[in-house]
Amino acid sequence: MQHWLVKSPPKRYSIDDLKAAGVDCWDGVRNYQVRNMLRDDFRTGDLAFFYHSECPEPGIVGTMMIASGAYPDPTAFDPKEKYFDPKSDPESPRWLMVDVRYKRKLKRPIPLKELRAHDELTEMPLLRRGNRLSITPVTPDQWAFIMSLE
DNA sequence: GCCAACGTTGGC
DNA sequence: GCCAACGTTGGC
């Protein structure tokens, strides 16, 4: 089983939105590196941190489980959607998504500031300079260490 | 294939 | 709102 960290601005989609939904699709990925991870590396049963970005206190707020393999993202085909992509052809879809299942909120959010303060986590892609990918891998050790901070 | 212009992300 | 960093686009 693998571990991931998945970012979302809470104004767009928050951990509470996922909690309310139970299971939801993770649509709107429009970055090729991230799409390739969804397509090639994601497996049902993988665990992921839910990270709130672009908010007063960015950080890890909960966990979820990957609940499907990658499949075409229909929002790419709909001109009314914010993430419509006229170049994504339903015959050969360019953008993919997965389903995710809410697991739980952490007892307390772990802020980005705090993640940065731990030597154990300096290798996390999330913390590397210039990283902007909305999905990044987490090693088993990093996962366990972050869980121990809760 | 190069590269300038432009767009997006995301912390602060 | 600013700005660094990076991705995408499109002319050549």
Side-chain angles (χ1 to χ4, degrees), chain A residues 2-21 24-42 46-66 68-100 102-139 141-143 145-150:
Chain A
Q2 302 167 100
H3 301 87
W4 308 96
L5 183 143
V6 178
K7 295 195 258 191
S8 178
K11 269 190 293 186
R12 181 175 162 209
Y13 193 88
S14 74
I15 185 74
D16 289 319
D17 293 327
L18 180 59
K19 183 178 184 181
D24 213 341
C25 57
W26 199 268
D27 60 16
V29 168
R30 296 292 182 271
N31 172 285
Y32 290 104
Q33 272 179 267
V34 174
R35 180 206 62 185
N36 293 348
M37 276 192 278
L38 290 176
R39 185 188 61 199
D40 302 333
D41 303 326
F42 268 53
D46 286 354
L47 292 176
F49 286 126
F50 196 124
Y51 176 97
H52 280 171
S53 63
E54 298 179 79
C55 58
E57 185 98 277
I60 296 173
V61 293
T63 60
M64 58 189 180
M65 180 172 284
I66 307 309
S68 78
Y71 62 100
D73 178 349
T75 65
F77 309 134
D78 183 350
K80 294 192 292 295
E81 288 283 347
K82 180 178 178 199
Y83 293 94
F84 171 61
D85 180 357
K87 284 179 271 186
S88 184
D89 171 9
E91 295 302 307
S92 145
R94 174 175 301 207
W95 301 115
L96 305 173
M97 63 187 191
V98 295
D99 292 340
V100 295
Y102 173 80
K103 271 189 73 94
R104 66 180 181 88
K105 290 165 89 163
L106 299 191
K107 296 185 196 102
R108 63 176 186 99
I110 313 290
L112 175 62
K113 270 183 300 195
E114 185 174 337
L115 298 174
R116 287 198 189 284
H118 291 289
D119 290 342
E120 291 88 342
L121 303 177
T122 51
E123 298 300 314
M124 287 185 80
L126 172 77
L127 306 180
R128 285 212 282 267
R129 202 167 76 112
N131 168 66
R132 296 182 316 152
L133 297 182
S134 62
I135 296 178
T136 48
V138 175
T139 68
D141 285 350
Q142 289 160 353
W143 181 276
F145 182 80
I146 290 167
M147 283 303 202
S148 78
L149 298 175
E150 189 184 13

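So that the names make sense, note that chain A is the first sequence line, chain B the second, and so on, each numbered from 1.
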Open item on the list: Ignoring hydrogens, what is the shortest heavy-atom contact between A:Asp46 and A:Gln2? Give both atom names and the distance.
Closed with: OD1-N, 3.1 Å
TODO: Write down the distance between OH (A:Tyr51) and P (B:dG10), rounded to a whole number of angstrom.
DONE: 8 Å
Open item on the list: Side chains of A:Asp17 and A:Arg12, heavy atoms from C-beta outward: is any pair under 4.5 Å?
Closed with: no
TODO: List the atom of A:Met97, the atom of A:Pro72, and the distance in Å for their closest heavy-atom pair.
DONE: CE-O, 4.0 Å
- [ ] Could you tell me which non-hydrogen atom of A:Leu106 sits nearest to which non-hydrogen atom of A:Glu150, and how far apart they are?
- [x] CA-OE2, 3.2 Å
Open item on the list: Suppose we call two aromatic rings close when their centres sit under 6.0 Å apart. Are A:Tyr51 and A:Trp4 close by that rule?
Closed with: no
TODO: Kindly state which residues belonging to residues 28-35 of chain A come within less than 4.0 angstrom of DNA chain C, counting heavy atoms of the residue only, listed by number.
DONE: A:Tyr32, A:Gln33
Using atom types as modelled, flag every donor-acceptor pair under 3.5 Å from a side chain in residues 121-133 of chain A to any protein atom, sequence neighbours excluded.
unit_1: A:Thr122; atom_1: OG1; unit_2: A:Asp119; atom_2: O; d: 3.1
unit_1: A:Arg128; atom_1: NH1; unit_2: A:Glu123; atom_2: O; d: 3.2
unit_1: A:Asn131; atom_1: OD1; unit_2: A:Leu133; atom_2: N; d: 3.3

- [ ] Provide, to the nearest angstrom, the distance between the CZ atom belonging to A:Arg129 and the C1' atom belonging to B:dG10.
- [x] 15 Å
Open item on the list: Can you see if the side chain of A:Lys7 gets near the phosphate of B:dG10 - specifically, an N or O under 4.0 Å from OP1 or OP2?
Closed with: yes
Task: Interatomic distance, A:Leu112 CG vs B:dG10 C1' [rounded to whole Å] - done: 10 Å
Open item on the list: Suppose we call two aromatic rings close when their centres sit under 6.0 Å apart. Are A:Trp95 and A:Phe84 close by that rule?
Closed with: no
Task: Value in whole Å for how far the P atom of B:dG11 lies from CZ of A:Arg128 - done: 16 Å
Open item on the list: Rounding to an integer number of Å, can you tell me how far A:Glu57 CD sits from B:dG11 C1'?
Closed with: 12 Å
Task: A:Trp143 ring center near A:Phe49 ring center (under 6.0 Å) - done: yes
Task: Base-contact (B) and sugar-phosphate-only (S) positions in nucleotides 1-8 of chain B, heavy-atom cut-off under 4.0 Å, - elsewhere - done: ------BB
